[in-house]
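Before any comments, here is the structure.
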Amino acid sequence: MSIKQGAQRLYYFPKQTRWSNGIGALLPEAYKKFWREWKLTQPAAVHYIKKEGTYIRNDETEEVFPVQNVPLPLLYPKEINNGIWGGEAIVQGFKKKGMFKRRVPHFWFPHLKKSIVYTEVLDTYMRVVVTHRTIKLIHENYGFDHYLLKTPACDLRSELALKLKRQILIALADKTLYPDNPEKRTEVYAKYEQYLSAYTREEIEWYGLTFEEACKKWKALNETTPQPLKIQYRSELIAKLKENKIKEAENVDVVSSGETSWLNKLNPFTTSSKTE
């Protein structure tokens, strides 16, 4: 390491992220694994054809060019979380209406439509907003449940699809599907149990949650009921009185705020002490 590099390292401050401070740093590894699958994993190529290899040769000119799989700039509106778009999004680019005209900004929107989907594990029909690619993927995977369970979070993208996948995994892990039909439960469980090998029970519990929902869940699991300071001080006082063998404090545990105790009787300004 040179002197210049050492000097630069002295002035290096690590970038603060949601995982370095606050509740984000306390979230379990099970949720961080899901977050990496959802937000940091490169999704499958949907709006362009991905080329394999490192170089490609033009058959006519025999020129060799490096392969550049550059993802298109995509926009994910908030409406995507209320439907299942099958990996599609709004494509942002430019369009020319003529050879001698300037290019202008243009947006390509996916074709959305309402459709009915059926999940066999949850035994539920749902009316959701989907795309043509979503219907195609459901047919290619032989069912809506197989499509959700096979597809990683980065390709599902929407919160609705991830919530459904989480409910399906929980139903399979806890075997709560078809509670009134044991034969159907055994049949359906045997059909989808292969997908449970990729997750632990803790990972399933944290799967499909947004960052805000994960923080609320962590707070609910780790929150403790705050104790008023007056109860703490009374407990410490009673403990000291018992150490000094005060007779009145022998059978006293913790003094509650709503009950009349021997401490109130010792107070000359209380109503009970005046009446007595």
Side-chain angles (χ1 to χ4, degrees), residues 27-39 41 43-44 46 79-88 110-222:
L27 292 177
E29 184 62 29
Y31 181 73
K32 295 178 181 179
K33 178 183 176 182
F34 161 72
W35 182 268
R36 290 191 294 268
E37 179 188 341
W38 185 24
K39 296 294 186 179
T41 305
V46 177
E79 288 78 10
I80 194 175
N81 294 319
N82 299 325
I84 304 176
W85 290 16
E88 293 190 57
H111 180 70
L112 304 176
K113 63 179 181 179
K114 291 183 179 181
S115 180
I116 303 297
V117 295
Y118 172 71
T119 165
E120 188 178 12
V121 175
L122 302 179
D123 191 23
T124 305
Y125 289 90
M126 292 169 289
R127 187 180 185 185
V128 296
V129 177
V130 297
T131 61
H132 289 299
R133 189 172 189 271
T134 305
I135 301 298
K136 178 183 176 182
L137 291 174
I138 292 174
H139 292 321
E140 289 179 353
N141 290 279
Y142 303 101
F144 184 58
D145 298 83
H146 285 294
Y147 164 64
L148 292 179
L149 295 173
K150 285 183 180 179
T151 308
C154 60
D155 292 329
L156 291 175
R157 193 73 188 187
S158 75
E159 296 177 8
L160 174 62
L162 295 173
K163 292 289 191 302
L164 291 174
K165 184 175 180 179
R166 179 176 182 268
Q167 293 180 12
I168 292 172
L169 289 172
I170 291 177
L172 291 173
D174 298 342
K175 294 184 179 181
T176 57
L177 57 161
Y178 295 93
D180 301 328
N181 193 342
E183 295 181 359
K184 186 67 175 179
R185 181 196 311 141
T186 305
E187 177 187 351
V188 175
Y189 178 80
K191 188 176 179 180
Y192 297 99
E193 65 175 338
Q194 55 180 320
Y195 299 106
L196 293 175
S197 59
Y199 310 94
T200 63
R201 186 61 183 85
E202 183 184 6
E203 292 173 354
I204 294 175
E205 190 66 30
W206 291 90
Y207 196 91
L209 301 178
T210 62
F211 183 77
E212 291 75 13
E213 291 172 346
C215 292
K216 291 180 181 179
K217 182 178 180 63
W218 186 90
K219 286 182 180 179
L221 293 175
N222 295 274

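What you see is a predicted model, and the numbers here were worked out from it, not measured in a lab.
Between E29 and E202, the closest side-chain pair of non-hydrogen atoms is not below 4.5 Å. You'll find the side chain of W85 stays beyond 4.5 Å of the side chain of R157, heavy atoms only. With a 4.5 Å cut-off on side-chain heavy atoms, K150 and Y195 count as touching. Contact annotation: the side chain of L164 approaches that of M126 to within less than 4.5 Å [non-hydrogen atoms, C-beta and beyond]. In this structure the side chain of V128 never reaches within 4.5 angstrom of the side chain of F144, judged on heavy atoms. Put simply, the side chain of T131 reaches to within 4.5 Å of the side chain of L112, judged on heavy atoms.
Taken to the nearest 0.5 Å, the NE2 atom of H146 stands 12.5 Å off from the CD1 atom of I138. Separating the CG atom in L162 from the CG atom in L156 is a distance of 5.5 Å, to the nearest 0.5 Å. From Q167, atom CD reaches atom OG1 of T124 across 8.5 Å, with rounding to the nearest 0.5 Å. Here the OG atom belonging to S115 is positioned 10.5 Å from the NE2 atom belonging to H132, to the nearest 0.5 angstrom.
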Quick one: side chains of residues 170-177, donor-acceptor pairs under 3.5 Å with protein atoms, not counting sequence neighbours, listed by atom name and distance.
| from | atom 1 | to | atom 2 | distance (Å) |
| --- | --- | --- | --- | --- |
| D174 | OD1 | R201 | NE | 3.0 |
| D174 | OD1 | R201 | NH2 | 3.3 |
| D174 | OD2 | R201 | NH2 | 2.9 |

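Y178 and E187 form no side-chain donor-acceptor contact under 3.5 Å, judged by distance and modelled atom types alone.
With L209 as reference, Y31 is the one residue of W38, Y31, W218 to meet the side chain to side chain contact (heavy atoms under 4.5 Å, CB included) rule.
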